[in-house]
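Have a look at the structure below before the remarks.
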Amino acid sequence: MRKTADCRDLPSESGCTLTISGEEDEVVRAAAEHAVSVHGHADTPELRDEVRAHLKDEQAMAQG
């Protein structure tokens, strides 16, 4: 099942609205890269664990 990461699910001073969807490992990698390049986070195992913990099934996102 495809997964979705939505920046709106995490605290952000910038009010970022980016949503990324795809296979779980793709989404974790892309979301971590986004967190580093846009939000200034360090790419650590803890960051990737946090991203993974906030992933939702794509169907769940479509249903609200």
Side-chain angles (χ1 to χ4, degrees):
M1 170 152 310
R2 289 172 51 94
K3 298 290 185 176
T4 303
D6 191 332
C7 260
R8 295 172 295 182
D9 292 340
L10 299 168
S12 170
E13 292 179 10
S14 67
C16 184
T17 63
L18 180 70
T19 300
I20 301 168
S21 44
E23 296 298 321
E24 184 170 332
D25 289 340
E26 295 173 319
V27 174
V28 170
R29 182 177 62 248
E33 290 171 4
H34 170 74
V36 170
S37 66
V38 175
H39 298 290
H41 294 284
D43 189 354
T44 64
E46 293 80 13
L47 173 67
R48 289 176 182 246
D49 288 345
E50 183 176 359
V51 168
R52 197 175 300 275
H54 284 90
L55 293 181
K56 295 180 180 175
D57 291 341
E58 195 172 55
Q59 284 183 333
M61 290 294 297
Q63 295 171 356

Residue list, side-chain hydrogen bond (donor to acceptor under 3.5 Å, both in side chains) with Thr17, at least two apart or on another chain: none

Rounded distance [0.5 Å steps], CE in Met1 versus CD in Glu58: 8.5 Å

Residues forming a salt bridge (Lys or Arg N to Asp or Glu O under 4.0 Å) with Glu26, sequence neighbours excluded: none

side-chain hydrogen bond (donor to acceptor under 3.5 Å, both in side chains) partners of Glu23, counting only residues at least two apart: none

By salt bridge (Lys or Arg N to Asp or Glu O under 4.0 Å) - contacts of Arg29 (at least two apart): none

Contact check, side chains of Asp6 and His54, non-hydrogen atoms, under 4.5 Å: no

Hydrophobic cluster identity match, Leu18 and Val28, side-chain contacts under 4.5 Å: yes

Closest heavy-atom pair and its distance - Val27, Thr4: CG1-C, 4.4 Å

Inter- and intrachain pairs under salt bridge (charged side-chain N to carboxylate O under 4.0 Å, His left out), touching residues 32-47, at least two apart: Asp43-Arg48

Listed partners of His39 passing ring-ring contact (aromatic ring centres under 6.0 Å, His included), at least two apart: His34

Which atom of Ala42 lies closest to which atom of Val36, heavy atoms considered: C-CG2, 4.0 Å

Atom pair CG (Asp57) and OG (Ser21), whose distance is rounded to the nearest 0.5 Å: 12.0 Å

Pairing residues for Asp49 by the side-chain hydrogen bond (donor to acceptor under 3.5 Å, both in side chains) criterion, not counting sequence neighbours: none

Ring pair (Phe, Tyr, Trp, His ring centres under 6.0 Å) partners of residues 4-31, not counting sequence neighbours, each pair once: none

Asp25 bridged to Lys3 by N-O distance under 4.0 Å: no

